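Written below as structure tokens is the structure these notes are about.
Every chain is numbered from 1 and lettered A, B, ... according to where its sequence line falls, protein lines coming before strand lines. Source: prediction; values computed, not measured.
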Amino acid sequence: MARNKFSSYHLAAALRRELDPAAALRLFLNPPASATPFRYSLRCYDLIICRLAAARLFPAMESILSRLASSSSSSGPRPREQLLCRVISAYGRARLPAAARRAFTHPAFPGRRTARALNTLLHALLDCRAPLRDLLVVCHDAGIPPDACTYNILMRAAAASGSVDHARQLFDEMLRRGIAPTVVTFGTLVAALCDAGQLEDAFDMKEVMVRQYDVLPNAYVYTSLMKGLCEKGDVDAALRLKEEMAGKADLVLDSAVYATLVRPLFRVGRKGAVVGLLEEMKGRGIVADRAVYNAMLAGFCKDEKDFGGAFAVLDDMRKNGCKADAVSYNTLVAGLCKLGRWRDASELVEDMPRRGCHPDVVTYRMLFDGMCAAGEFLEANQVLDEMVFKGFAPSKDGAQKFVEGIEREGDVVLLESVLCRLAKVNALVSSGWEKAVSGVLNEATELRLEKQLDSLRNHSGFDQCN
DNA sequence: TTAGGGTTAG
């Protein structure tokens, strides 16, 4: 009988099998009956916390952390810092900086914090767009000796705030403290210099890292430099740099290297060279990813205005097992609308779910704006219906143009319905509707509408619209 | 635990 008992080992296996996080939580809280009180292993805590963190079920995750805190205060193995790092990162990805900071000091993890946890927190805060000074305060307060990774994150924060000089100062500081820079340090610095347009300094850094620090440039360093060259309009120099990479046995070319080159080549009218790049990738066994395809879609739609070519790219993506995302489709929708081809855009949007991608708020806004720009307000009205149903609001400009358009149609009933629907998604701009209303409505209707809209603004009268 | 590439609107 004892052998059949459901142990923490069995629970861990069951948690691994259960893909639905809510079901996994129920399983964790109510393990099948066992003769003795159930003892949770650290592994079970680890599994459920990671699952809840990934699913962003934070309140549930916090309650499990509290249980862990009270259970780990007794003797036994301590929760690993790696788990703490998962929790902190999850809060960073969810843009919850205060929660990330609280997690860092959570009593469920009684062990001493190392640079690893500190670095994870710094990175989470950087994800939340925290300014460099906040990160420096965190470093100071933690009292943990920084390592190269700490400095790399701080340098990136400096660059993100637009100060390459500060990034360089941090580099000097790490050298003074005897911390050896890594290839990531140089990758960060080169990218920062390129973003700031300081290409010469970036190329100097590529030399210095080898000569003075014995660190070889990798694909990250090369890709940043190639992008920098393209932005200066020197695509050929970027292509030469790619050849330099190919000539080095220790370097592996990847999809990112090629993605960097695609749009710049389209921009200068060299789409034939892009075909050559794709062939080259194939020859090297590099699979084109979404970044490469999306760059091609933008090239065909915006530079070439060749929608046959763009749709062919979509087909290639499907054939090659690369799933087009909303951005891929939005690029096409935007291009079509810009040329007044809103019918084609509308057909594509309708077909998106069948193709495995649901239109997002950007898709609808572009289609809506495209129809308004073409003066097709009744068509736009249909799109608005779908948007409101999904809780999407049109852009401020789009809503205004639309209301003005409906006003010109002179259909009072439609105008009333439009204003109500716009109000539902908070897209009512007062200047727009007041102007529209004053043009077409008689005083009594105007007064009634105004009342309705006031009550809508006070979030109390949605039923009046139906 | 840290760095590179692409793209839609506003």
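The distance between atom CD1 of A/Ile144 and atom P of B/dT1, rounded to the nearest whole Å, is 16 Å. In this structure, A/Glu231 places its CD atom 11 Å from C1' of B/dG5, rounding to the nearest Å. For A/Asp303 and B/dT8, the CG to P distance is 10 Å, given to the nearest whole Å. Rounded to an integer number of Å, the gap from A/Leu189 CG to B/dT2 P is 18 Å.
Listed nucleotides: B/dG4, B/dT8, B/dT2. Nearest to the side chain of A/Val257: B/dG4. Residue A/Met366 has its side chain nearest to B/dA9 when only B/dA9, B/dT1, B/dG4 are considered. Looking at the side chain of A/Ala256, the nearest of the listed nucleotides B/dT8, B/dT2, B/dG5 is B/dG5. Listed nucleotides: B/dT1, B/dT2, B/dT8. Nearest to the side chain of A/Asn152: B/dT2. Of the listed nucleotides (B/dG4, B/dA3, B/dG6), B/dG6 has the atom at the smallest distance from the side chain of A/Lys227. Across B/dT1, B/dG5, B/dT8, the shortest atom-to-atom separation from the side chain of A/Lys302 is found for B/dT8. Side-chain atoms of A/Asn218 lie closest to B/dA3 of the nucleotides B/dT8, B/dG6, B/dA3. Listed nucleotides B/dT1, B/dA9, B/dG5 differ in distance to A/Ala334; the shortest reach to its side chain belongs to B/dA9. The nucleotide whose nearest atom lies closest to any side-chain atom of A/Cys149 is, among B/dA3, B/dT1, B/dG6, B/dT1. Candidate nucleotides B/dG6, B/dG4, B/dG10 were compared by shortest atom distance to the side chain of A/Ser395, and B/dG10 ranks first.
The side chain of A/Lys396 contributes no N or O atom lying less than 4.0 Å from OP1 or OP2 of B/dA9. The side chain of A/Arg156 places an N or O atom within less than 4.0 Å of a non-bridging phosphate oxygen (OP1 or OP2) of B/dA3. Side-chain nitrogen and oxygen atoms of A/Lys338 include none within less than 4.0 Å of the OP1 or OP2 phosphate oxygen of B/dT8.
A/Asp385 has a carboxylate O that lies under 4.0 Å from a charged side-chain N of A/Arg421, or vice versa, which qualifies the two as a salt bridge. At a threshold of 4.0 Å, the pair A/Asp147-A/Arg116 does not count as salt-bridged, since none of the basic side-chain nitrogens sits closer than that to a carboxylate oxygen. With respect to A/Glu280 and A/Lys242, a salt bridge is recorded, a charged nitrogen being found less than 4.0 Å from a carboxylate O. Salt bridge present: A/Arg80 and A/Asp46 bring a charged side-chain N and a carboxylate O closer than 4.0 Å.
Using a 4.0 Å heavy-atom distance criterion, A/Val183 is classed as a base contact. A/Asp397 comes within 4.0 angstrom of nothing in the nucleic acid, heavy atoms only. Nucleic acid contact class of A/Arg365 (heavy atoms, under 4.0 Å, all strands): none. Residue A/Ala115 is in base contact, counting any heavy-atom pair closer than 4.0 Å across all strands shown. Heavy atoms of A/Ala219 sit under 4.0 angstrom from at least one base atom. Counting any heavy atom pair closer than 4.0 Å across all strands shown, A/Thr188 reaches sugar-phosphate atoms only and no base atom. Base contact: A/Ser255 has a heavy atom under 4.0 Å from a base atom.
Counting heavy atoms from C-beta on, the side chains of A/Arg365 and A/Phe392 never come closer than 4.5 Å.
Aromatic ring centres of A/Tyr220 and A/Phe186 lie farther apart than the 6.0 Å criterion allows.
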